[in-house]
Amino acid sequence: MATEEKPTSTETASNETTITQILDVVARAAPEIRAGLPGRRIYAEQNNPSGETPMEADIYADEMLCERLGDLDGVGEYASEERQEVIDTGSGLSVCVDPLDGSSNLKPNNTLGTILAVYDAPLPAAGSDMVAAAYVLYGATTTMITAYDDTVTEYVVQDDGEYEAVREDVTLPEDPSVYGFGGRVPEWIDSFTEYVREVESDPSMKLRYGGSMIGDVNQVLTYGGIFAYPTLTDHPEGKLRVQFEGYPVGYILETASGRSSDGEQSLMDVEKDGLHARTPVYVGNEELVERLEAALDD
Ligand code: FDP
């Protein structure tokens, strides 16, 4: 069996520098993306690789991040949900971006996010290649959650792009209190529906669902609980994309001492062909995700 070559200490150091630069670019772009939203709440005249029609704001955020992240010396590949192909930007780490997650929330003016995944491998990469992940949440304030170096940190991002840590070593609260489940209820499979009814019947649990994954996941990270975009009868792989949503959200929640699953295994172990492949996503407190896996297995 071939032994994997270990990175040299210089490579590790330069990866660390690049990751810091990547997170800095995303944080500093966030207020600009936010400021660009008001005039871009209309559909663009094109479809994305998943067959959805993006908003003009999706394209705007994608172009800004592609240019700025691609300009970094240590970034070798850029991919986004809005592009069919991977962009070659030189040599170094690979970045995957969902520039504006939850963009159907633009019209009703609800929360949106930007999701970032950094891989030390060519794209599409495996979950085990992930070296950092982050998301920006455009809510009442702009915040950024990063998972890097085995720790999760929450930052508040100011309008001028300055950002400061407001919570370090973020972990899921031990007493979960919220749940949010996506997809049309009639399309849920029976075992999932039974699990949901059980969660709902727990008097300590409340529904928190807005239809923007990052907003819903951040509820879980803040209050403890479970988020799912499950397998559906007509769409067994659900809706969310492995490289852009499943891996980074799984990585963040697991780094925060939670669990992630595709129904059978950690999201980080999911193997799917193709840059735009989808997966069911279940993330939250360990006990809730384990009970869910057991329910789906019945
Ligand atoms: P959106 O289509 O608005 O961009 O994957 C994107 C996403 O939102 C998630 O943020 C969200 O959880 C999910 O899709 C909601 O999809 P449906 O409303 O189609 O169920």
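Just so you know, residue 1 is the first one in the sequence shown, and it goes up from there. In each ligand, atom 1 is the first atom listed, and ligand 1 is the first ligand listed. Given the structure is predicted, the values throughout are model-derived calculations rather than measurements.
Between N105 and ligand 1, no N or O atom pair is found at a separation short of 3.5 Å.
Heavy-atom neighbours of D150 CG from other residues, nucleotides or ligands within 6.0 Å: at or below the threshold of 12. E271 CD: 12 or fewer foreign heavy atoms inside a 6.0 Å radius. Within a 6.0 Å sphere centred on CD of E264, other residues, nucleotides and ligands contribute 12 heavy atoms or fewer.
K239 has no carboxylate O lying under 4.0 Å from a charged side-chain N of E187, or vice versa, which leaves the two without a salt bridge.
Close contacts between ligand 1 and L240 involve ligand atoms 5 (O) [criterion: under 4.0 Å to a heavy atom]. Residue-ligand proximity, R241 to ligand 1, at heavy-atom distances under 4.0 Å covers atoms 5 (O). Interface atoms of ligand 1 facing S212, defined by a heavy-atom separation under 4.0 Å, are 10 (O).
The protein atom (non-hydrogen) at minimum distance from atom 3 (O) of ligand 1 is S104 OG, 2.6 Å. Shortest contact from atom 20 (O) of ligand 1 to any protein heavy atom: Y229 OH, 2.8 Å. Among protein heavy atoms, atom 19 (O) of ligand 1 sits closest to K239 NZ, 3.0 Å. M213 N, 2.8 Å is the protein heavy atom nearest to atom 10 (O) of ligand 1. Looking only at heavy atoms of the protein, atom 1 (P) of ligand 1 is closest to G102 CA, 3.6 Å. Ranking protein heavy atoms by distance to atom 5 (O) of ligand 1, first place goes to E245 OE2, 2.8 Å. Among protein heavy atoms, atom 11 (C) of ligand 1 sits closest to G211 O, 3.5 Å.
Ring geometry for Y179 against F181 counts as parallel: the plane angle stays under 30°, on a 0 to 90° scale with 60° as the upper cut. Ring pair F244/H276 is parallel by interplanar angle, where below 30° counts as parallel and above 60° as perpendicular.
Atoms OG1 and CG, from T18 and D73 in turn, are 8.0 Å apart once rounded to the nearest 0.5 Å.
The shortest heavy-atom contact between F227 and V220 is N-CG2, 3.8 Å.
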